[in-house]
Structures are given as C-alpha cells and as structure tokens.
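Data block below; observations after.
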Amino acid sequence: MVWAPARVLYPGSYPGLSPRRRSPQPRTSTPTSSGAVAKESPRVGGTRLVCMEKQTPNGTMKMWFTGEYRDIVENERLVYTESMSDEHGNILDPVDMGMPADHPATNEITVELDDLGDRTRMIMTHAGIPADSPGALGWNIALDKLATYISTRP
C-alpha cells in the first residue's frame, strides 16, 4: 500500500516518467541503477524507448528497453510491453545479453492502482520474469525510490 492518492502515482501525472524511472535522485548518479526516457508516446499503440544506466566498477553500463503501450486507463491501469533493445529500439535476443535461453524476448508490465482516498493500493505485475532475476532487483530499487519520492511530496 502506498500512502498517496492514485493521481500522484499514475505515470501520466508526470510526463516522461513511469514508476521505474521516478526518483528524487539524479538519474545518472545513483549507485545502483537509474533510467532516462529516450522516447515515449504514452497512448495505446504508442512506443517507448528507455535507457537504464548502472554504475559498475568498469564505469557506466547502459541497458536499453523498448516496448508498446497496450492499455491505459488514467489513474487506474497501465499495461505495456518491454524488450531489451539497442539505442534505436531494435529488439535484441536475450541470450546475446547474457540471459538464460528460456528468457522471453518480450514481457508485459501491468500497473494497477486502486485509489482508496489518502492512500493507494498499487499492484505491479511483470509477467515472464522470474522473481529472482536481476529485473526483480531493479524493480525493488525503483519501488523504494518511488516510496521515497512520495514521502517528499506535500
């Protein structure tokens, strides 16, 4: 449960920001990972291209993701696909990116918001990704950042 109204959490409330990328911290200076929108058209059938950056001992590693918006109900539901890609949005084979052979090339993220007045139940489902994957760790970091961000809002 998040202690904020759904209108505060809904990605459309802040153009260019999805739950993964909301953060009160600069997007390129967090010690774990961060993200920046390269291109985004948040409408059903619209596409997205996102660059996630992670600081490693060898410098900054960039990971690109592309996808399509499948369903948007303002302040209630957001569904989009996600695939690893290059910086131009060309989908890459997950095996070539070091993932297991059974890793899907495309998966689907659903964010559902249930506005309870002064708080919101947010259910996020990332279909096709095992709970112990690096993606799960990234989402946990992103959700922690979202909670921090929400706690700083009046």
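- Val79 and Val111 are assigned to two separate hydrophobic clusters, defined by single-linkage of ILVMFWY side chains at heavy-atom distances under 4.5 Å.
- One distance of note links CG of Asp115 with OG1 of Thr120; it measures 4.5 Å at 0.5 Å rounding.
- The shortest side-chain heavy-atom distance between Leu113 and Arg121 does not fall under the 4.5 Å cut-off.
- Qualifying side chain to side chain donor-acceptor pair (under 3.5 Å) partners for Ser41, counting only residues two or more places apart in sequence or in other chains: Arg43.
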Audit row: Tyr69, Leu78, side-chain contact (heavy atoms from CB on, under 4.5 Å) steps and yes/no: CA-CA 8 Å; Tyr69 289 95; Leu78 177 68; 3.7 Å; yes

Ile109 vs Glu82, side-chain contact (heavy atoms from CB on, under 4.5 Å): CA-CA, chis, key distance, verdict: CA-CA 7 Å; Ile109 292 101; Glu82 187 168 86; 3.6 Å; yes

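- A salt bridge does not link Glu68 to Arg48: none of the charged side-chain nitrogens sits closer than 4.0 Å to a carboxylate oxygen.
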Audit row: Met52, Phe65, side-chain contact (heavy atoms from CB on, under 4.5 Å) steps and yes/no: CA-CA 8 Å; Met52 299 295 292; Phe65 299 90; 3.6 Å; yes

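- Here the CH2 atom belonging to Trp64 is positioned 5.5 Å from the CG atom belonging to Leu49, to the nearest 0.5 angstrom.
- One distance of note links CG of Asn107 with CE of Met84; it measures 8.0 Å at 0.5 Å rounding.
- Atom OG of Ser83 and atom CE of Met97 lie 12.0 Å apart (nearest 0.5 Å).
- Here the CG-CE distance, from Leu92 to Met99, works out to 11.5 Å after rounding to the nearest 0.5 Å.
- The CG atom of Asp114 lies 12.5 Å from the CE atom of Met122; values are rounded to the nearest 0.5 Å.
- For the pair Pro104 and Pro94, the tightest heavy-atom approach, listed with the atom from each and the gap, is O-CG, 3.5 Å.
- Between Thr110 and Met124 the shortest side-chain heavy-atom distance does not fall below 4.5 Å.
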Derivation of the side-chain contact (heavy atoms from CB on, under 4.5 Å) call for Arg70 and Val44: CA-CA 5 Å; Arg70 294 206 167 150; Val44 174; 6.0 Å; no

